[in-house]
Amino acid sequence: MRPHLLSRNAATTLRHHVKRARCFAGSTRPIVTLAIETSCDDTCVAVAESTDSLPCGLKVHFHEKITANNDAYNGIHPLVALQSHQANLAPLVQKALSSAPRPDFVSATRGPGMRSNLSVGLNIAKGVALGLNVPLIGVHHMQAHALTPRLVHAMEHCGHIKPAFPFLSVLISGGHTLLINSTGLVEHAILAETKDIALGDCLDKAARAILPLEAQRAPYGRALEDFAFPEGLSTYDYVPPARRQEELERRQTRWTWSLAPPLANSKSGEKTSKRMAYSFAGLLSAVQRFTSDNSAFNDHQKSETRQCTGMSTEERRDMAREVQRLAFEHVASRILLHLSSGSAPDVKTVVVSGGVASNSFLRHVFRAFLDIRGHSDIAIEFPPVSLCTDNALMIAWTGLEMYRAGYRSSLNIEPLRKWSMDCNADDGGIIGAGGWTNTAER
Ligand code: AMP
Ligand code: ZN
């Protein structure tokens, strides 16, 4: 078929393919990586191909995930997750290797995460790297979440990768709540982090307190969103706080309870409300206090499983909305504080990633919050839901970016339960943890 006979859509697709083909030809060399992610309860494997220099795009050859079945537990049981990795990872890697091109190097999550779970992935990665005689790259899981919008861009286009550094990253997951200034591939500075529990942990436990038993299922954060907005966001009229004072006020409800915004009204007042930190423990305990039936409370019962049977569905729904509104506004408020601090001269993009970033209400709150406070010029990048939660494609992409920059990991690296992203942290951040050589510096 000659191109002029193609429909407009088909012609666009053809042009796209020709551009992508060019992207993988010429002076650039195609590079393939096998990637493994096992930091938590998802066993993830991907094979992806890019180029060793710009222009670059990304071809996905293989991408699968098996999630441990933790239904019988209130959350992730480390042993169940470990057994799932042990049972599923090797067969998944075998399937990937037999259906995709031979990798030029292997990428695997080195940390942060559950140490024994990381070991399963890292040890298989070392074995494959040894067997194929190719390099290994031990990837930082949170760096991978932060680079996900660049991965998405590379999947859709080739050429210069966007967003370009610098950009702000909000990383919100089951174990982390971080606001980060990303100025380069391995240069990240933590601007705010949680001083108690992570946002995802707060939402999971709030869901267990608020939701009727029949609505409870993993992932609990998503169950909380579905319960709060059964018809999507269309029927909910969210009003963002137009001024800082409104953001710090407790909104009354038609019920006997109301929830206070985190870090808003402590004894030290203004100072705490401007602190570049997150806190969700107070919000969660208020929810647990209002929903628990203390007289019927049994000491042996875990606090997060306490439930008051007296609340109507309507009241539960209002509380599910209110806890999400306050938690999401709290996260957004620290972006605003940073933007008004004078140390954020040229922020064009805020990247939001991690499991909680798949929440549609959060996406709506962030956009409305930045718009009403005069920042409609700042782009907010949310990856597609499948790439917000843990996956091996983000590990493949980060491996590819590190490989292109010349980094290689030693075969003696160990998994890291804790590993900061911040170059100024005690452990030295991504590169400071050691175990790297850089071929570009030789
Ligand atoms: P991660 O640690 O990045 O895999 O993210 C897992 C966390 O994301 C868990 O706390 C989930 O409950 C949470 N999560 C997943 N989907 C949603 C959603 N739609 N809304 C809120 N939280 C979610
Ligand atoms: Zn994660």
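One-based numbering, in listed order, for ligands and for the atoms of each.
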Response to the item:
With sequence neighbours left out, the residues meeting side chain to side chain donor-acceptor pair (under 3.5 Å) with Asp346 are Lys348
Worksheet item: Tyr236: what forms a side chain to side chain donor-acceptor pair (under 3.5 Å) with it, not counting sequence neighbours?
Response: none
Any donor-acceptor N/O pair, [X] side chain to [Y] backbone, under 3.5 Å:
X: Thr439; Y: Gly406; answer: yes
X: Asp427; Y: Ser420; answer: yes
X: Thr177; Y: Leu199; answer: yes
X: Arg150; Y: Thr398; answer: no

Worksheet item: For the Zn ion (ligand 2), how many protein N, O or S atoms lie at less than 2.8 Å?
Response: 3
Fill in: Side chain proximity check, Arg321 to Glu225, heavy atoms < 4.5 angstrom
no
Item to complete: Inspect the contact between Asp204 and Arg222 and indicate whether a charged nitrogen and a carboxylate oxygen are less than 4.0 angstrom apart.
Response: no
Worksheet entry | Side-chain ion pair, Arg317 and Glu314, N-O less than 4.0 Å | no
Practice prompt. Mind jotting down which protein residues get a heavy-atom contact under 4.0 Å with ligand 1? Chain and number order, please.
Written response: His145, Ser173, Gly174, Gly200, Leu203, Asp204, Pro219, Tyr220, Gly221, Arg222, Glu225, Gly354, Gly355, Val356, Ser358, Asn359, Asp390
